[in-house]
There are 2 protein chains.
Amino acid sequence: MITQTLRVYLLKRLSKYIKKLNIKKKTTIKDIANVLNISPAAVSKALHNDPRISEKTKKAVKQVAKNLNYQPNHLASALRKGKSHLVGVIVPRTNSNFFSSVIQNIEEVLNKEGYNIIITQSNESYQKECNNIDTLLFTQVDGIIASMANETIDLSYYEKIKSKGIPLILFDRGENDLNVDYIGIDDYKSSHVIVEHLVNQGCKRIAHIGGYRHTRIFNNRIKGYIDALKKHDLPLDSELLIECSLTTDDGRDKMLQLLRLKNKPDAVYVASDYAALGALQVLKENNIRVPQDIALVGFGNEPFTAMLSPSITSINQHSTEIGKQAAKTFLNYTKKKTVKQALNKIILDAELIVRESSTSKEQ
Amino acid sequence: MITQTLRVYLLKRLSKYIKKLNIKKKTTIKDIANVLNISPAAVSKALHNDPRISEKTKKAVKQVAKNLNYQPNHLASALRKGKSHLVGVIVPRTNSNFFSSVIQNIEEVLNKEGYNIIITQSNESYQKECNNIDTLLFTQVDGIIASMANETIDLSYYEKIKSKGIPLILFDRGENDLNVDYIGIDDYKSSHVIVEHLVNQGCKRIAHIGGYRHTRIFNNRIKGYIDALKKHDLPLDSELLIECSLTTDDGRDKMLQLLRLKNKPDAVYVASDYAALGALQVLKENNIRVPQDIALVGFGNEPFTAMLSPSITSINQHSTEIGKQAAKTFLNYTKKKTVKQALNKIILDAELIVRESSTSKEQ
DNA sequence: AAACTTTGGTTAAACGTTTAACCATTCTAC
DNA sequence: GTAGAATGGTTAAACGTTTAACCAAAGTTT
């Protein structure tokens, strides 16, 4: 009679035998070493152009590697070197032209240096953003490039990244209090450019549908708006300054709110193209002529601003440059091994793209 | 006198000493084992709820892990297990609502099962797509979910994935010849739905600005268009069937081409919302009333179709469902260990979203 | 009480690569 | 002709985790 112990034992021997049969293994550095009768270490060095390996050996190794269709095991080298060559990217969402363009440029720069990126979306949710950070840390990324969700106020999670010694670079939506690298446009100045443009078009009562002040960029846009009004001797009317989440629906709501005023504005500067879209819909529904009755300016230069009629004047945020600079800032960390690094705050000048919604009020 | 050899030797000893000084190491499974005076193996098993570890030990291990702020090293486990728990996603671009929504849903489903995704964009370029596949394979992804670039005709690169035994799931843009899982909508039927709708609105001369036939989905849309015309006893006029890349500029060009015809169409079915946008711009520039003079239907239900005036009728592609199904199809591979797996071809019914550009021709 | 099972672990090897340390030759210079 | 350097490698350990194989002690059958 076969006992339980014996049965288990036989089963194990069998499975071991079967395993030896299907030798579908991928080629490793060891295989190459065997073919050439050298050590695996020599192969590794040859593949990395180590000066202590002769040209002859290098050529041979590379040839055999090609023949055996060798693909280096990234996991093994990452484990050994303590570097994953992966960079995490966190954005509120990818389906905005700005973010997807930034991502594309980050990818372009980093790929050239042998880095890959992992993109995650927070959907503007603080919870999701924390999860994203966790999964990125779990995946052992070498760095994180992020733009914060609108909701995010508590920064302890970002501190977590810093405390692990992983480079963190923020762009567009970045909190200044976190002492960290940052790339973005000059929001304060952008507001000045917009107000100045509207004043030149003859506007005298300019409203601002902005984001919440706790987000630095929106705060800066608000401050710029206020200072620019002062500069042009326009009165600051608290009725005309509204904070919200800047969704399309918010744009609709807040525009309606402005239309209900006794003393209506003759121009509205909206801090996001999506909210500007909502505002435009409301204006059209109420048969208010844009720009003749009320001029409109958005922010972000999303492609759809050019598709609408009237097309919407907006601010171009230089996504290309922001993406490239963010990637380069990260690469600086990997190259210089200095522990303490000077912080990079790169502020780009934004550009006003003038379209129908704010031109030639007189005509 | 200190010789070169001696100098090098001393330097090495020094660096070794320094290394021992800054012990900023992350906590590993070994540290936990040391604290509890058990073996690292026991810790690993405890963390994975192995039945051979007592509840008491498990609790202790988890407590210590939390205290020491233990983060498992994903690279090490991936190397050991031969699984990276990373899934590669390739899309033509992320800044389309369809793709970003698909991605979001893939991510949602996979994250729950402990998988992360790496998103790459091909920008509709075959070259870039090949590079993406290479980097994904290099990163040792456990599977690839892809939608092919318009340019892609040569499928040898995709064969490369299959030959490595890595699950490949295609969605939306997927070639049937590659014997591989696929999730998409019923393009053939969608064309029928569109043509039927236009006929119901009183259209009698329906043009189609489509994609190139070598992409399966565009071929199916063309076939559906042709068969639907036959079904409704409408003549098929080769002048009215145009193939192109379906960019916004293409939409403009091809619409102009249609307007130059002696016998103009009274409806245009465009196989992409972006091209439909170009077509609409041209129609408006030429003071052609939409839908009264020419009705217009797009494809993809991009958000901007609802923003324009007139808003564009379009086909909703069920991005949510496609993303979820794609992720689930991949997960099936990881769960069942059967070598040969039945191929999944999931074809979803598409939904026509009727808007201003094609309604009430009579009014 | 002999024969086996169960419980709760331990040991050691393995994943594929990198790298510090070592070594045998050959070359160079005084 | 011998101290030292240069050349072209080799050896072995390490990265952190998982897992097959083993084992001691306590419990259960017959």
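In what follows, every chain begins at residue 1, and chains take the letters A, B, ... in the order their sequences are listed.
- We find that CG of A/Leu75 is positioned 12 Å from C1' of D/dT17, with the value rounded to whole Å.
- Between B/Arg52 atom CZ and D/dA21 atom P there is a gap of 14 Å when expressed in whole angstrom units.
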> Can A/Met148 and A/Tyr158 be said to form a side chain to side chain contact (heavy atoms under 4.5 Å, CB included), step by step?
Replying inline: CA-CA 10 Å; A/Met148 299 196 305; A/Tyr158 281 100; 3.6 Å; yes
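- Following rounding to the nearest Å, A/Leu79 (CG) and C/dG16 (C1') show an atom-to-atom distance of 9 Å.
- Annotation: side chain of B/Leu79 is in contact with side chain of A/Asn73 (closest heavy-atom distance under 4.5 Å).
- The distance from atom CD of B/Gln71 to atom P of D/dC15 is 19 Å, rounded to the nearest whole Å.
- Residue B/Ile38 is classed as a sugar-phosphate contact, given heavy-atom separations below 4.0 Å to backbone atoms only.
- Ring pair B/Tyr115/B/Phe330: centre-to-centre distance below 6.0 Å.
- For A/Ile53, taking side-chain heavy atoms from C-beta onward, the closest of the listed nucleotides C/dG9, D/dT11, D/dG9 is D/dG9.
- Rounded to a whole Å, the NZ atom of A/Lys45 is 12 Å from the C1' atom of D/dA12.
- Contact annotation: B/Ser54 side-chain N/O to C/dG9 OP1/OP2 distance is under 4.0 Å.
- Sequence order on DNA chain D of the closest nucleotides to B/Ala76 and B/Ala42 puts B/Ala76 first from the 5' end.
- Between the CD1 atom of B/Ile29 and the P atom of C/dA14 there is a distance of 19 Å, rounded to whole Å.
- Base engagement by B/Ser44 is indicated by at least one non-hydrogen atom pair under 4.0 Å involving a base atom.
- No more than 12 heavy-atom neighbours from other residues, nucleotides or ligands sit within 6.0 angstrom of NZ on B/Lys83.
- Atom NZ in A/Lys26 sits about 12 Å away from atom C1' in C/dG16, given to the nearest Å.
- Note: A/Phe138 and B/His74 have tilted aromatic rings, judged against thresholds of 30 and 60 degrees for the angle between ring planes.
- In this structure, the NZ atom of B/Lys81 is 16 Å from the P atom of C/dG16, given to the nearest Å.
- Projected onto DNA chain C by closest heavy-atom contact, B/Ser39 and A/His74 fall at different nucleotides, the more 5' of which corresponds to B/Ser39.
- Looking at the side chain of A/Ala41, the nearest of the listed nucleotides D/dA12, C/dT17, D/dT17 is D/dA12.
- Here A/Thr57 reaches the OP1 or OP2 of D/dG9: one of its side-chain N or O atoms lies under 4.0 Å away.
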